[in-house]
Amino acid sequence: MDMIDYGKIIFDIKPAMKKYNKTRTYIKHACVLDNRVLKRYYEGTITKPDLEILARSCYAIGCTLDEVMFYQPPEKRSIL
């Protein structure tokens with residue numbers, strides 16, 4: 001049985017941080033985050049996002065959730 005590609009959710013806080021002029025240091029202290037965790041969110045390599053961290057990050061940046069995450073559809077759509 002073939003796996004169906006549903007696409008994926010991408011987290012990217014860099015554009016929002018730039019738009020609202022927030023630094024990584026500011027986010028780290030405002031959200032009480034470890035450097036490794038912040039780096040994963042910043043680089044978009046987070047695999048299991050924490051909703052509490054997302055909420056704190058959005059609050060600290062001053063943005064909405066749709067500014068830090070988006071849905072990337074699959075290249076080829078499969079019929080279910």
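These figures come from a predicted structure and were not determined experimentally.
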Can you tell me if CG on N21 sees more than 12 non-hydrogen neighbours from other groups inside 6.0 Å? no
State yes or no: do I27 and V32 share one hydrophobic cluster built from I, L, V, M, F, W and Y residues joined by side-chain heavy-atom distances below 4.5 Å, directly or via other members? no
To the nearest 0.5 Å, atom NZ of K28 lies from atom CG of L33 at 9.5 Å
Please round to the nearest 0.5 Å and tell me the distance separating atom CG of L65 and atom CZ of F11. 7.5 Å
Please tell me whether I46 and I9 are part of a single hydrophobic cluster in this structure, the criterion being side-chain heavy atoms less than 4.5 Å apart. yes
Over all heavy atoms of both residues, which pair between A60 and Y26 is shortest? Give the atoms and the distance, please. O-CE2, 3.4 Å
Begin with the C-alpha distance, continue with both residues' side-chain angles, and end with the deciding distance and a verdict on side-chain contact (heavy atoms from CB on, under 4.5 Å) for S57 and Y41. CA-CA 10 Å; S57 299; Y41 280 93; 5.7 Å; no
Is it the case that one hydrophobic cluster holds both I10 and L38, taking links as side-chain heavy atoms less than 4.5 Å apart, direct or via other members? no
Joint cluster assignment, V68 & V37, ILVMFWY side-chain distance < 4.5 Å: yes
Just to verify, what does K39 make a side-chain hydrogen bond (donor to acceptor under 3.5 Å, both in side chains) with, not counting sequence neighbours? none
Where do Y6 and Y71 come nearest, in terms of heavy atoms and distance? O-OH, 2.5 Å
Of all the heavy-atom pairs spanning I61 and A16, show the shortest one and how long it is. CG2-O, 3.7 Å
Counting only heavy atoms not in F70, do more than 12 sit closer than 6.0 Å to its CZ atom? yes
Do Y20 and L54 sit in one hydrophobic cluster, given that two such residues count as connected whenever their side-chain heavy atoms are within less than 4.5 Å of each other, even indirectly? yes
Exceeds 12 heavy-atom contacts within 6.0 angstrom, atom NZ of K14: yes
Please name all residues satisfying side-chain contact (heavy atoms from CB on, under 4.5 Å) with K48, sequence neighbours left out, ordered by chain then number. none
Value for CD1 (I13) from NZ (K19), rounded to nearest 0.5 Å, stands at 15.0 Å
Which atom pair, heavy atoms only, marks the closest approach of M17 to R24? CE-N, 3.5 Å
